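Lettering follows sequence order; numbering is per chain, from 1. Nothing here was measured: the structure is a model prediction, and the numbers come from that model.
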Amino acid sequence: MTWRRPSLLVAGVLLAGTATACGGGGQSTATAFDPNNCQGGTLEILNQDDAGSHLDPARLYTSGGGNIPSLLFRTLTTRTRKAGADGAKVAPDLATDTGQPNADATVWTYHLRDGLKFEDGTPITSADVKYGIERGFAAELPGGAPYLHDWLVNAQNYPGPYKDPNGIPAIETPDAKTIVFHLNSPHGDFPYLATATQFAPVPKALDKGADYEKHPISSGPYKIETYDKGKSVVLVRNTNWSRAVDPNRLACPDRIEGTYGLDQAVINQRLSTGTGKDADAVTTDTDLGPSELAQLDNNPELAKRVAKGGFPYTYYIAFDNTKAPFDNPKVRQAFSYAIDRTSVVNAAGGSSLAYPATTFLPDNKTMGYQPFDYFPAGRNGDPAKAKQLLAEAGFPDGITVTLAHRSADFNQDGPKVATAVQDAYKKAGITVKLQSIETDSYSTTVDNPATQPQMALQGWGADWPSGGPFIVPIFDGRQYLAGGGNFNTAHFNDPKVNAEIDEINKITDPAQAAQRWGQLDAEIMKQSPAVLLFHTTQLRLYGKNVKNAFVSDWTGVYDLSQVSVK
Amino acid sequence: MFTGRFRTDRAAVFGAVVAGLLVLLAILAPVLTALEGQDIASFHNDLVDSARGGVPIGSLGGISGQHWLGVEPQTGRDLFARVAQGAQISLLVAVCATMVQVFLGVVVGLAAGLGGKWLDTVLTRLADISLAFPVIIFSLALLTIVPDSFPRPLLLALVIGVLGWGGTARISRAQTLSLRTRDFVAAARLSGAGGFRIARREILPGLAAPVITYAALLLPSNVITEAALSFLGVGVRPPTSSWGQMLSTATTWFRSDVMYVLIPAFMVFLTVLSFTLMGEGVRVALDPRTTRLTRKAG
């Protein structure tokens, strides 16, 4: 399953603290954003898709869920809620610091803040955090990131608290405020991992297993009033939360109402017109459409309300490198040469929203990006070279393959991109049959080797701002999971690559590690384990009354815990 | 006599001519597209403005000598080729669906009109149910559960046809009931003709006029249903094009590329208008007792 893109991403311009005038009617005057006087109002969220496929902290993939999970679930650490590069750092959340490691970074100790409570007033203890992590191991609750399985001592085969109530011995809770993690190898990245929703406390007494997502217990500034999966969510203030126990979240609106299942054109039209409640609205999953893109040049009022971001994200065509015909490097190379990246970029919304990918790492320094292009396809593909390679590989008369795509286009892995791929490959003698898979079951179909289609459109985003979580789940051979939840869809397993991953993980200097990740990216891509398509940028509109919508380098999206509609 | 009356009806003649041209467009789609020098599927990245989301370059959606109706936004595929293929799909589905509706309707109507009271009651109620059915909603449900491997245009024709026979059945039954009491039917029965022979030789010819009239009016409504289902995303699948599908994608483009909305919308409008005018003309010509409402001179 692919990580779901969060909301809004910004590259440069920040709107934090900027005076935001109400456009249009002039019914209110411009006021500067004041965090101490921002409370009130109702924030509307207009989205195409649900807040997350599952609103259960065990089932959310790192920062996924369109920004809403962070309003409900506090974690040991969290992202720094600051604009730009400052936002790429880890901040303490439930814990008093970002974690105290032992000498070789294999034991991490956290202490909880004072005064932490669940929405029902029960104090939050370290046992609740431990229980939340253990739930993430349950086969009944799939969807989380794989890191904890691999990093904790002897936790690989832990079946979850429902089958084994004794818990994971590698997590100790010597008292109600202290939690200690024992890792099987050094991981300087542990504070980053502790931002994942699996590190949110879950009260064991109120756990209902798979039904917990209907009303997960809040530890954050809001709690669920109503939640109708796939349709709507209403959040109201959690009176047992206060800024005194949470220095990160501003939580300005009194109420947050999310509406899902809207059409892209409808969302952009409503945000751009901004009548009534729509002036207080944002979207966390919809980029500008062509109507708005065409207006940006000559409509400064609209342009001012666009947050531009670059969440590190890569789209590619995944196929099993161990199965014919893709076990033949020449076939894989032919597919890379034949791709027309101009077509696929246009299908993804044009050059304002996407740029061609020839590297797996997106163009982002902190990730370790290094430019290369081993199978130069030019702007429109090189069908002649592809045909020649296919002939050498034993397919002189072309080849027929099946490409799976999501049934809808909102995630850039839908029919539009698939059709563009189909057309580009036709010129190289590759006949592509399209296989449309329902949105809800797309990820689980593709990431289960038993049901994995021959070829599939895939996207991958960074779990935290480093090259490791970008490359390791996709190309570390030891990350292959035969039973499902497998992100290594290439079935890639190169002992040299695995060894280099282990070496880089020992490096504690982020700049040095970034350089090595960039080199490793090049080494992997030389073997053409996937066809790289494009990286995305994000352009998202917010309502006329929305203030403090700024974007950090970590999430690349504006943060719902910081915006105000007052 | 029929052609004479039809020919004097200028609206009907106009409808027939336009409908004929549309049929020609559909039949000759590949030839005309080749004449234009284009094909349906090829992308033209150089004809769209990528930075503005893929809006066609040039005025009126990129209409030019090479691309008679401009190009599709985002992909640059030739719009004339896609509109012509849309005509094929639209007419093929509508004609096939109408044939299914007429066949089922006539069979059920004859059986109800000639059969016993019990059979008549059951079949008439079935027809009522089929008329009361929300066709679009039921089609949505049916079309989503059938696997993609089933040919889509055929499936659309079947679904629209099987769900829409109620009207033809009622008209056939009413006409059968009135014909079965006529002397020539009684004579045939007395001379020993069986039920099947009476239905085929005596009643069926008498059904032709009302059924043809009704079918001529069903056709345009089937065009609309096909467009609606494709608009809702359960019609033909890409890369096959259809007007409804074009209108569906055009919802995000109506501001930046208005031609992309207008062209398929105009094609649906023209098809429905021409076939309706023609059907109305057929009705008037076949049934001289009725006259066109608009000509009811006081």
Side-chain angles (χ1 to χ4, degrees), chain A residues 263-269 272 286-297 299 340-356 378-381 402 405 407-409 414-427 432-438 534 539, chain B residues 38-57 59 61 71-78 81-82 143-150 152 230-241 245-261:
Chain A
D263 188 70
Q264 181 201 1
V266 172
I267 293 170
N268 282 319
Q269 182 64 35
S272 127
T286 302
D287 285 309
L288 292 193
S291 300
E292 294 75 28
L293 282 175
Q295 281 182 62
L296 285 186
D297 296 341
N299 186 345
D340 180 338
R341 293 200 175 89
T342 311
S343 285
V344 292
V345 162
N346 283 343
S351 59
S352 298
L353 294 171
Y355 59 98
R379 290 192 61 222
N380 295 110
T402 303
H405 60 84
S407 60
D409 272 313
K416 279 184 186 171
V417 172
T419 316
V421 170
Q422 187 182 41
D423 177 67
Y425 278 170
K426 196 176 59 189
K427 292 172 216 155
V432 177
K433 286 185 184 158
L434 299 182
Q435 179 191 355
S436 176
I437 298 177
E438 244 346 277
F534 55 91
L539 289 174
Chain B
Q38 300 298 336
D39 66 90
I40 290 165
S42 288
F43 283 46
H44 299 280
N45 296 322
D46 46 332
L47 297 179
V48 294
D49 183 347
S50 191
R52 299 177 75 201
V55 179
I57 295 168
S59 54
V71 295
E72 185 183 52
Q74 218 165 1
T75 64
R77 291 185 291 196
D78 183 65
R82 301 189 67 75
L143 287 164
T144 34
I145 55 166
V146 177
D148 270 1
S149 50
F150 199 91
R152 223 58 199 174
S230 293
F231 182 87
L232 293 170
V234 296
V236 293
R237 300 280 184 195
T240 312
S241 69
Q245 202 186 69
M246 278 184 217
L247 283 170
S248 172
T249 44
T251 50
T252 49
W253 295 93
F254 67 96
R255 277 184 166 185
S256 44
D257 181 12
V258 71
M259 291 308 284
Y260 189 49
V261 186

Between [X] and chain B, with a heavy-atom cut-off of 4.5 Å, which part of the residue counts as in contact: side chain, backbone, both or neither?
X      : answer
A:Q435 : neither
A:N380 : side chain
A:D340 : side chain

For this session: Starting at NZ of A:K427, measure out to OG of B:S42 and round the result to the nearest 0.5 Å.
Result: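 Reported to 0.5 Å precision, the distance equals 7.0 Å.
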
Exercise. From A:D423 CG over to B:H44 NE2, what is the distance, rounded to the nearest 0.5 angstrom?
Worked result: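 Reported to 0.5 Å precision, the distance equals 8.5 Å.
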
Problem set entry | With B:L232 via side-chain contact (heavy atoms from CB on, under 4.5 Å) - residues at least two apart |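 So B:L232 forms a side-chain contact (heavy atoms from CB on, under 4.5 Å) with B:I136, B:L140.
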
Shortest non-hydrogen contact from [X] to [Y]?
X      : Y      : value
B:A51  : A:L293 : O-CD1, 4.4 Å
B:S50  : A:V345 : OG-CG1, 4.3 Å
B:T251 : A:A265 : O-CB, 4.0 Å
A:S352 : B:R52  : OG-N, 4.5 Å

Problem set entry | ring pair (Phe, Tyr, Trp, His ring centres under 6.0 Å) partners for A:Y425, two or more places apart |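 Partners of A:Y425 under the ring pair (Phe, Tyr, Trp, His ring centres under 6.0 Å) test: A:F335.
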
Exercise. Is there a side-chain contact between B:T75 and A:T419 (heavy atoms, below 4.5 Å)?
Worked result: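 When only atoms from C-beta onward are counted, A:T419 and B:T75 do not touch, as no gap falls below 4.5 Å.
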
Exercise. Looking at A:P415, A:G289, A:A347, which has the largest count of heavy-atom pairs under 4.5 Å with chain B?
Worked result: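 Highest number of heavy-atom pairs under 4.5 Å: A:A347.
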
For this session: Determine the option with the most heavy-atom pairs under 4.5 angstrom with chain B, choosing from A:Q269, A:R379, A:Q264, A:E438.
Result: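 The option with the most such pairs is A:Q269.
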
